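Below you'll find the structure, written out as structure tokens, and then a few comments.
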Number of protein chains: 2
Amino acid sequence: MAQKNRTRFAILGMLAFQPMSGYDIKKIVDNSIAYFWKENYGHIYPMLAELSREGLIKLQGRDRKKETKGGPERKVYAITEQGKKAVKEWLYQPHAAENSRIELLLKLFFGMLVPMEISIAAIERERDAAINILKELKSIRKQAHAGEQNETSLFPLITLSYGEKHYKAVIEWCEETIAFLKKTTKGMKK
Amino acid sequence: MAQKNRTRFAILGMLAFQPMSGYDIKKIVDNSIAYFWKENYGHIYPMLAELSREGLIKLQGRDRKKETKGGPERKVYAITEQGKKAVKEWLYQPHAAENSRIELLLKLFFGMLVPMEISIAAIERERDAAINILKELKSIRKQAHAGEQNETSLFPLITLSYGEKHYKAVIEWCEETIAFLKKTTKGMKK
DNA sequence: ATTCACATGTAAGCCGTTACATGATTCA
DNA sequence: TGAATCATGTAACGGCTTACATGTGAAT
């Protein structure tokens with residue numbers, strides 16, 4: 001059976017905001033939802049071609065931005081009525097449970113195989129990464145509040161608050177866990 | 001370039017606890033780390049064969065449990081010294097950043113395309129799922145506290161607390177977001 | 001002169017999921 | 001008799017990542 005193919009809908013959804021090129025889509029993903037979604041060119045460009053063949057999007061035109069620094073002409077795609085229908089249909093459907101795989105936790109689960117400092121260091125790296133992402137989210141929020149407020153801008157804000165909540169919780173857990181493991185180590189050395 | 005293949009290390013790590021069959025591994029994964037890691041037979045059995053060929057594990061014997069209800073004999077694998085070395089090596093390496101994809105958030109990001117109730121219903125489902133998982137985690141914790149305490153049991157406890165913290169944060173976010181969206185909808189209808 | 005950003009695309013290949021196949025034994 | 005559990009395995013395939021290819025024009 002076919003698997004998910006959510007890239008398809010990520011692209012359609014982005015094009016529902018406004019016509020864009022594949023390059024634009026990648027940039028928006030990286031700059032606004034990277035903390036919970038990633039895409040790469042190797043998937044985007046073939047999918048744009050496929051969606052185009054299926055009539056869910058159409059090539060609106062080729063152009064070159066004024067500020068641009070060269071390169072080939074941009075291929076700007078727009079979503080069609082059919083494409084809008086498809087993405088809405090997807091939005092109506094309840095999604096299946098995520099089967100996330102958190103490598104950090106798997107490694108910690110097997111922590112008894114390595115010295116404690118190795119596990120602690122891994123958690124410290126996680127904490128630092130989370131702190132950095134939280135900073136980025138802060139700047140995204142600043143941008144969002146600077147822009148105009150309307151119904152459309154509402155939804156990006158709630159995904160943003162998910163990210164903030166999540167990374168704060170991660171940082172908390174990291175700090176508590178580091179303290180706990182350090183305490184335990186000291187107790188064992190006595 | 002080769003991708004991650006973390007199933008490999010999940011299996012090796014589990015076999016570092018004790019010799020097991022593929023069926024056992026799947027059961028342990030489902031019963032103790034399912035909230036952050038999933039595996040399936042279609043991946044486990046071929047991987048066991050591969051690891052065996054590579055000498056990282058070895059077939060310790062075939063048997064049948066006393067309480068068992070038939071079926072083919074279990075193939076019990078044990079990790080080898082070489083296998084232990086391999087899993088330790090992996091544990092020492094910092095892991096790359098996860099590229100998680102949270103479908104709920106992607107759908108919410110495009111929330112402007114569907115009626116508000118659809119988005120709210122999706123968040124409610126997420127909240128309910130999180131509540132259920134939190135219940136399961138509670139029972140895992142109870143089991144853990146009932147068992148004997150040693151260095152090995154320490155690490156499963158910290159992954160457990162990650163799960164608890166995470167799902168509590170998710171529930172909080174769901175409730176705040178539902179309230180926020182409902183308030184906004186009411187404001188718009190006025 | 002070289003780096004950087006722009007921009008599109010293909011090829012290879014692993015990872016992981018799903019569906020299917022098989023069959024013995026226990027319990028209701 | 002039929003359902004459920006135990007248990008191992010294969011086949012097919014899609015999704016996604018990574019690496020590679022190509023080239024322009026602006027800025028330092």
Side-chain angles (χ1 to χ4, degrees), chain A residues 1-11 19-31 34 37-53 57 59 61-77 95-101 103 106, chain B residues 1-11 20-31 34 37-53 57 59-77 95-101 103 106:
Chain A
M1 200 191 110
Q3 261 150 271
K4 323 256 167 167
N5 199 350
R6 294 108 105 226
T7 292
R8 184 179 194 85
F9 297 107
I11 291 175
M20 279 186 275
S21 68
Y23 195 81
D24 289 337
I25 290 171
K26 169 80 163 119
K27 244 184 17 193
I28 290 195
V29 168
D30 286 347
N31 295 331
W37 204 269
K38 300 218 174 33
E39 290 294 348
N40 46 23
Y41 295 126
H43 210 185
I44 291 173
Y45 287 117
M47 185 56 68
L48 282 171
E50 192 180 316
L51 290 170
S52 194
R53 276 197 304 277
I57 62 176
L59 184 62
R62 290 158 187 268
D63 68 4
R64 180 170 282 144
K65 282 190 182 164
K66 297 137 210 158
E67 341 83 59
T68 205
K69 301 186 184 174
E73 281 190 317
R74 300 165 69 247
K75 291 173 72 172
V76 178
Y77 291 93
H95 59 274
E98 228 71 47
N99 34 358
S100 67
R101 297 182 125 195
E103 196 169 328
L106 188 66
Chain B
M1 200 191 111
Q3 262 151 272
K4 323 254 169 169
N5 199 349
R6 292 110 102 224
T7 292
R8 184 180 193 85
F9 297 106
I11 290 176
M20 280 186 273
S21 68
Y23 195 80
D24 290 337
I25 291 172
K26 168 83 162 117
K27 246 187 14 196
I28 291 196
V29 168
D30 286 348
N31 294 331
W37 203 270
K38 299 216 176 33
E39 290 293 349
N40 46 24
Y41 295 126
H43 210 183
I44 290 174
Y45 287 118
M47 186 55 70
L48 283 171
E50 193 180 316
L51 290 170
S52 194
R53 275 198 305 277
I57 64 176
L59 185 62
Q60 201 192 41
R62 290 157 188 270
D63 69 3
R64 180 170 280 143
K65 280 190 183 164
K66 300 136 208 161
E67 341 83 60
T68 204
K69 303 185 184 176
E73 283 191 316
R74 300 165 68 246
K75 291 173 73 172
V76 178
Y77 292 92
H95 59 274
E98 229 70 48
N99 35 356
S100 67
R101 298 182 122 194
E103 195 168 328
L106 188 65

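Sequence lines set the chain letters: A, B, ... in the order given, protein chains first and strands last, and positions in each chain run from 1. On a predicted model such as this, the values are computed, not experimentally measured, just so you know.
Within the 4.0 Å cut-off from OP1 or OP2 of C/dT17, at least one side-chain nitrogen or oxygen of B/Asn40 is found. Look at A/Thr7 and you won't find any side-chain N or O under 4.0 angstrom from OP1 or OP2 of D/dG15. Listed pair A/Asn5 / D/dG15 meets the phosphate criterion, a side-chain N or O lying under 4.0 Å from OP1 or OP2. Dashed line: the shortest gap from a side-chain N or O of A/Lys27 to OP1 or OP2 of C/dA5 is not under 4.0 Å. Proximity of B/Ser21 to the phosphate of D/dT8: a side-chain N or O atom is located under 4.0 Å from OP1 or OP2. Residue B/Asn99 has a polar side-chain atom (N or O) positioned under 4.0 Å from OP1 or OP2 of D/dT17. OP1 or OP2 of C/dC6 has at least one side-chain nitrogen or oxygen of A/Tyr23 nearer than 4.0 Å. An OP1 or OP2 oxygen of C/dA7 is reached within less than 4.0 angstrom by no side-chain nitrogen or oxygen of A/Lys26. The phosphate of D/dT8 (OP1 or OP2) has a side-chain N or O of B/Tyr45 nearer than 4.0 angstrom.
A 4.5 Å side-chain heavy-atom check between B/Lys26 and B/Tyr41 finds at least one atom pair inside the cut-off.
The CE atom of A/Met20 sits 4.0 Å away from the CD1 atom of A/Ile28 when rounded to the nearest 0.5 Å.
Nearest heavy-atom pair across B/Leu59 and B/Lys75 is CD1-CB, 3.7 Å. For the residue pair A/Leu48 and A/Gly22, the shortest heavy atom distance occurs at CD1-CA, 3.5 Å.
Under 4.0 Å is where a charged nitrogen must lie from a carboxylate oxygen, and between B/Arg101 and A/Glu39 at least one such pair does.
The nearest whole Å value for the distance from the NE2 atom in A/His43 to the P atom in C/dT8 is 17 Å. Per the geometry, CD belonging to A/Glu50 stands 12 Å off P belonging to D/dC16, to the nearest Å. Summarising the geometry, the separation between CZ on A/Arg6 and C1' on D/dC16 is reported as 11 Å, rounded to the nearest angstrom. Spacing between atom NZ of A/Lys38 and atom P of D/dT18 amounts to 11 Å, rounded to whole angstrom units. Rounded to whole angstrom, the span from the CD atom of A/Glu73 across to the C1' atom of C/dG9 amounts to 16 Å. In this structure, B/Leu48 places its CG atom 12 Å from C1' of D/dA7, rounding to the nearest Å. If you take CD1 of A/Ile11 and P of C/dG9, they are 12 Å apart, rounded to a whole angstrom. Following rounding to the nearest Å, A/Glu39 (CD) and D/dG15 (P) show an atom-to-atom distance of 12 Å.
At a threshold of 4.0 angstrom between heavy atoms, the contacts of A/Arg62 with the nucleic acid are absent. Note on B/Arg101: only backbone sugar-phosphate atoms sit closer than 4.0 angstrom, heavy atoms only; bases stay farther off.
Among C/dT8, D/dG9, C/dT10, the nucleotide with an atom closest to any side-chain atom of B/Tyr77 is D/dG9.
Between A/Gly42 and A/Asp63, the one whose closest nucleotide on DNA chain C sits nearer the 5' end is A/Asp63.
Looking at B/Lys38, its side chain does come within 3.5 Å of a backbone N or O of B/Ala34 through a donor-acceptor pair.
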